[in-house]
Amino acid sequence: MAEIITRSPEETECFGRRLASMLSPGDIVSFKGDLGAGKTCMIRGIAGGLGVKSNITSSSFVLMRALEGDRMVYHFDLYRLSDREELLDIGYDEFMFSDGISLVEWPEKMGDWIGDSYLEINICYDFDNMDVCDRIIRLIPHGNRFVDLVEKLVVNK
C-alpha cells in the first residue's frame with residue numbers, strides 16, 4: 001500500500017492523469033470513498049489522460065458508461081446497484097474484462113466479481129489537516145502488475 005496526499009481537486013485530477021499514463025489495456029481500477037471524497041475528480045483526470053473528451057460526472061443513475069478516448073474507458077458507478085445480478089443484465093464482464101480500461105466506483109457492491117488483478121484506490125478526507133480540500137489517496141495493489149505500477153507511481157512522484 002502507498003499513500004499520496006493531494007491538496008486540491010486540481011491536484012487530485014492531475015494525479016489521475018499521471019496514473020492514466022501507466023495504465024494498460026484490460027486494467028481495472030476501483031474507487032472507494034465517501035460521497036464527495038474525490039472519486040469522480042480522480043476518474044475525470046484518468047479519463048482525460050486517456051484522451052476522453054466527454055464530460056465526466058458522478059452519475060449514480062447509470063451503472064456503466066462507455067467513453068471513447070485513445071482507448072475505450074468503462075466507467076462503472078455502482079452506487080445504486082441493489083443486486084449484483086443487475087451487472088449480468090448489462091453484460092458487465094464483456095466490458096470489464098476487455099481491452100478497455102475499467103474504472104469502478106463503489107466496487108464493494110460487486111464483491112469478488114471484480115477479479116483478482118486490479119488497483120484499489122481509497123480516497124478520504126485528511127481530518128488531521130484543517131484544509132477541507134486535502135485528500136489521502138491510498139493505493140492498494142491486487143496482483144503483481146499493480147504492485148509494480150504502485151511502486152513506479154510512488155518513485156516518480
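Please read all numbers here as calculations on a predicted model, not as lab measurements.
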Minimum side-chain heavy-atom gap Ile136-Ile4 below 4.5 Å | no
Side chain to side chain, His75 and Met64, heavy atoms closer than 4.5 Å = no
Measure across Arg7 and Asp134 and return the closest heavy-atom pair with its distance rounded to 0.1 Å.
-> NH1-OD2, 2.8 Å
Sorted by chain and residue number, the side-chain hydrogen bond (donor to acceptor under 3.5 Å, both in side chains) partners of Ser30 (sequence neighbours excluded) come out as none
Do the side chains of Met72 and Ile101 get nearer than 4.5 Å, heavy atoms only?
-> no
Who else is in Val147's hydrophobic cluster (ILVMFWY, side-chain heavy atoms under 4.5 Å, direct or via others)?
-> none
Would a 4.5 Å heavy-atom cut-off, applied to side chains only, mark Leu81 and Leu63 as touching?
-> yes
What is the distance from atom OG of Ser102 to atom CE of Met96, rounded to the nearest 0.5 Å?
-> 5.0 Å
Met110 reachable from Ile140 in the ILVMFWY side-chain graph, under 4.5 Å edges = no
Straight-line distance of Leu139 CG to Leu153 CG, nearest 0.5 Å | 6.5 Å
With Arg17 via salt bridge (Lys or Arg N to Asp or Glu O under 4.0 Å) - residues at least two apart = none
Would you mind checking if Arg145 and Asp27 are paired as a salt bridge, meaning a charged N to carboxylate O distance below 4.0 Å?
-> yes
Taking distance alone, no hydrogens or angles, what donor-acceptor pairs closer than 3.5 Å link side-chain atoms of residues 42-55 to residues at least two apart or in another chain?
residue	atom	partner	partner atom	Å
Arg44	NE	Ile56	O	3.4
Arg44	NH2	Ile56	O	3.4

Rounded to the nearest 0.5 Å, how far apart are OH of Tyr74 and CD1 of Ile90?
-> 11.5 Å
Please name all residues satisfying side-chain contact (heavy atoms from CB on, under 4.5 Å) with Ser8, sequence neighbours left out, ordered by chain then number.
-> Glu10, Glu11
Using a 4.5 Å cut-off on heavy atoms from C-beta on, say whether the side chain of Pro107 contacts that of Phe31.
-> no
Residues at least two apart in sequence or cross-chain that pass side-chain hydrogen bond (donor to acceptor under 3.5 Å, both in side chains) with Glu68, listed by chain then number, are none
Using the test ring-ring contact (aromatic ring centres under 6.0 Å, His included), find all partners of Tyr92 that sit at least two apart in sequence or belong to another chain.
-> Trp113
Heavy-atom pair with the smallest gap, counting every atom of Leu35 and Tyr79 | CD1-OH, 3.8 Å
Would you mind listing every salt bridge (Lys or Arg N to Asp or Glu O under 4.0 Å) that reaches into residues 109-124, with sequence neighbours excluded?
-> Lys32-Glu120, Arg84-Asp112
Value rounded to 0.5 Å, distance of CD1 in Ile123 from CZ in Phe15 | 9.0 Å
Residues in salt bridge (Lys or Arg N to Asp or Glu O under 4.0 Å) with Arg138, at least two apart?
-> Glu3
Could I get the full list of side-chain hydrogen bond (donor to acceptor under 3.5 Å, both in side chains) partners for Ser98, not counting sequence neighbours?
-> none
Looking only at heavy atoms, what is the nearest atom pair of Ala37 and Tyr125, with distance?
-> N-OH, 3.8 Å
Please tell me if the side chains of Ile137 and Thr6 come closer than 4.5 Å, counting only heavy atoms from C-beta onward.
-> yes
Determine which pairs satisfy salt bridge (Lys or Arg N to Asp or Glu O under 4.0 Å) with at least one residue from residues 85-104, sequence neighbours left out, and list them in order.
-> none
Here the pair of heavy atoms bringing Gly33 nearest to Trp106 is O-CH2, 3.4 Å
Quick one: closest heavy-atom pair of Ile114 and Ile28, and the distance?
-> O-CD1, 3.7 Å
Measure the CG-CG distance between Leu19 and Leu23 for me, rounded to the nearest 0.5 Å.
-> 4.5 Å
Might you point out which heavy atoms bring Val154 and Ala2 nearest each other, and give the distance in Å?
-> CG2-CB, 3.3 Å
Are Leu119 and Ile121 close enough that some pair of their side-chain heavy atoms sits under 4.5 Å apart?
-> yes
